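A quick note: this is a predicted structure, and the numbers were derived from the prediction, not measured.
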Protein chains: 2
Amino acid sequence: MATIKDLAARTGLSTATVSKYLNGFTLKERNALAIREAIAELKYRKNDIARSLKTSKSRAIGVLIPTLENPFYSAITSSIERTLMESGFSTIICSYYSELHAEREKIEFLLNKMVDGIIHFPLNRTVDYDILKQVDGTVPLVLVDRPIEGIECDVVMSDNVGAAFGAVERLIALGHRRIGIILGPDDQYSPALRLEGYRLAHEKHGLAVDPRLVVRGDYSMTSGRDLLFRLLDGENPPTAVFSTNYETTVGAMLGINERGISLPERLSFFGFDDFALSTVFRPRLSVVAQPVRLIGKTSAELLMRRVRGDLADFPLRVSLDAEILVRETIGPVAAE
Amino acid sequence: MATIKDLAARTGLSTATVSKYLNGFTLKERNALAIREAIAELKYRKNDIARSLKTSKSRAIGVLIPTLENPFYSAITSSIERTLMESGFSTIICSYYSELHAEREKIEFLLNKMVDGIIHFPLNRTVDYDILKQVDGTVPLVLVDRPIEGIECDVVMSDNVGAAFGAVERLIALGHRRIGIILGPDDQYSPALRLEGYRLAHEKHGLAVDPRLVVRGDYSMTSGRDLLFRLLDGENPPTAVFSTNYETTVGAMLGINERGISLPERLSFFGFDDFALSTVFRPRLSVVAQPVRLIGKTSAELLMRRVRGDLADFPLRVSLDAEILVRETIGPVAAE
DNA sequence: TTGTATGCGTTATCAT
DNA sequence: ATGATAACGCATACAA
């Protein structure tokens, strides 16, 4: 591999001069030309490792996610990668598969790699504060999807309360009084907020919440289907169901198809997130769509700012509005 | 940030000794202890950048994929990341969004980052040979999902011909004589192979292929639905349909639900890939499942071998068998 | 077992 | 505008 030294030798210039040229300084046209030639002939390629050592900037960002095998995480990660790339930063991904010890281990790993910053999607409520504290003292940290108590850093998330509130309010406006809600695990952050939105909508309209209409699972597809059936098969079943993540939404829709329930005549259904599937179901699904692209872009851009030393408004708490996409699966409550 | 020098100063040892300890050499227990203490007190963290410069090994691998927003790519990437991590390698992802110029640019980017190897998913037939040649002279390259003519390197893919052959043969065994096949773009590699498997199955059983039953789209969900309808609405429609990628499979299934077509009574349906959705549809989908985890694991492990200098069997062509999962959506052809 | 000295490829300071 | 030189943090050949 050719080095700056080689270019210097080839052109008769010094390494200092060549380095300057490489970094955008203008020099005598004659010399610039010679360097360009040498670069082509020797197939010179700059060594970012050496550059990083010297400048103590790796231009690499670590992205810590539960898993890539989930469209919510992979879509955001995709958007992050795209945004970072635009700034010339590389994206190092680390999945921790919801294992706590892995989380710590992988943060250490990233820190050793001298990443300039970390974007972290904390999943479980139980978190390794210690190591996160440590990150914060080393490189900027942006938390996505939820804050962590005791960790003072930037957070980018969607407005979970507002999202649920909006969906449920639409349902109420259509005359629904018994609205089932399919939630996720207790130890995750967002389910509580989505339930809160559900509650607030009821409250605002003077409706009581029937606890039997609030069901919880593990946010998986099968849980979506199972919980839907539980709601429907209970006594005094809901006339509308709100599913609060993508997986349960898909699962519930499949359950609906399986039973041949016609939407929105026999049941109104509000789903969550607008990934590929939600866009192809028929009738067209009404969903609350989290702005995944924007979440990714925002976290990456915010982190870039911090990396560049701009600490304005630190710690920043960005709450991004979800879109309420009313399509064809909700309708007025059937006359009894 | 504390350095080895700091540890040396703190313990009264030399940097060489400390470095050796850090690299697993055993030294006097007394000294080892002192170093351990110093590490804790100074919060020493090893600097992989400096290490990389010295050893000219970055322990980072570049993964070049069309996009993360597709379960096929993200599942394989996930498996790659997992495997690389086990060997202590980091995974730098680069999406090129099917843009050719981006492909070249991002390979340069990765090479500058001094990655120790590259795993590339080439999508389009039109490829920047030049830059790929260059990669090959620099670091090991593993191609996933398809080879590239003129580039001599390791390739990991699934047995597309065998996969299609197996599915179609099952259909033929059930008495189907008119089998529709939904294919992808002409400029991609796998569709031709999957069609070849379809042809071979017909040939083996003395059946002619009706070109009207061979339809092509862009491998998207909507194309799956549209092409299914085109097949079904043509004259002399097929009694079975084979969809050859995941997106078209999902699209076709939604179309089937939409029209209320009962499987397998009115139509037999064979899908492709066994991601989340395929596992929840009812009736349970018969699919050809590409071994995505294994593809990822195999490519990563092969690349690791090459990085370590093991060039045995180079260039290796690994063809992984797909699984033929016969479940509930295929059945005997209906009596006329 | 431990220490000395050198260099990896680059950038940056300070001259010229 | 260009050059000489040191330094980034580490690993290693060699000496002790």
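- As a whole-Å value, the separation of A:Leu13 CG from D:dG3 P is 5 Å.
- Residues A:Tyr96 and A:Arg104 have side chains that never bring a donor and an acceptor to within less than 3.5 angstrom of each other.
- As judged by a 4.0 angstrom heavy-atom cut-off over every strand, A:Ile49 is placed among residues making no nucleic acid contact.
- Within residues 25-34 of chain A, the residues approached by DNA chain D to less than 4.0 Å at the level of any non-hydrogen atom are A:Leu27, A:Lys28, A:Asn31, in residue-number order.
- Side chains of A:Arg51 and A:Asn23: a donor on one and an acceptor on the other come within 3.5 Å.
- Defined by atom type and a distance below 3.5 Å, a donor-acceptor pair is missing between the side-chain atoms of A:Arg59 and B:Asn112.
- If you take CZ of B:Arg59 and P of D:dA11, they are 12 Å apart, rounded to a whole angstrom.
- A cation-pi arrangement is found for B:Arg82 relative to A:Tyr97, the charged atom lying closer than 6.0 Å to the ring centre and inside a 45° cone about the ring normal.
- Rounded to a whole Å, the NZ atom of B:Lys57 is 23 Å from the P atom of D:dG9.
- One atom, NZ of A:Lys20, and another, P of D:dA1, lie 10 Å apart when rounded to the nearest Å.
- D:dC10 atom P lies 13 Å from atom NZ of B:Lys54, rounded to whole Å.
- When the nearest nucleotides of DNA chain D are assigned to B:Leu53 and B:Thr17 by heavy-atom distance, the more 5′-ward of the two goes with B:Leu53.
- Among the heavy atoms of the strands lying under 4.0 Å from B:Tyr44 are primed sugar atoms or P, OP1, OP2 only; no base atom is included.
- Residue-level contact check: B:Ser19 touches the bases, meaning some heavy atom is under 4.0 Å from a base atom.
- Put simply, B:Thr3 has no side-chain N or O that comes within less than 4.0 Å of OP1 or OP2 on D:dG9.
- For the pair B:Arg51 CZ and D:dC8 C1', the computed distance is 17 Å after rounding to whole Å.
- Neither OP1 nor OP2 of C:dC8 sits under 4.0 Å from any side-chain N or O of A:Asn47.
- Between the side chains of B:Ser14 and B:Thr17, at least one donor-acceptor pair of N or O atoms lies under 3.5 Å.
- Taking both residues in full, the closest heavy atoms of B:Pro66 and B:Ser95 are given as O-CB, 3.8 Å, listed atom of the first, atom of the second, then distance.
- Going from atom CG of B:Asp48 over to atom P of D:dC10 covers 10 Å, rounded to whole Å.
- A pairwise comparison of heavy atoms in A:Ala75 and B:Glu69 identifies CA-CG, 4.5 Å as the closest pair.
- Judged by closest nucleotide on DNA chain C, B:Ala16 is the one of A:Asn23 and B:Ala16 placed further toward the 5' end.
- As rounded to whole Å, 15 Å separates atom P of D:dA4 from atom CD1 of A:Ile4.
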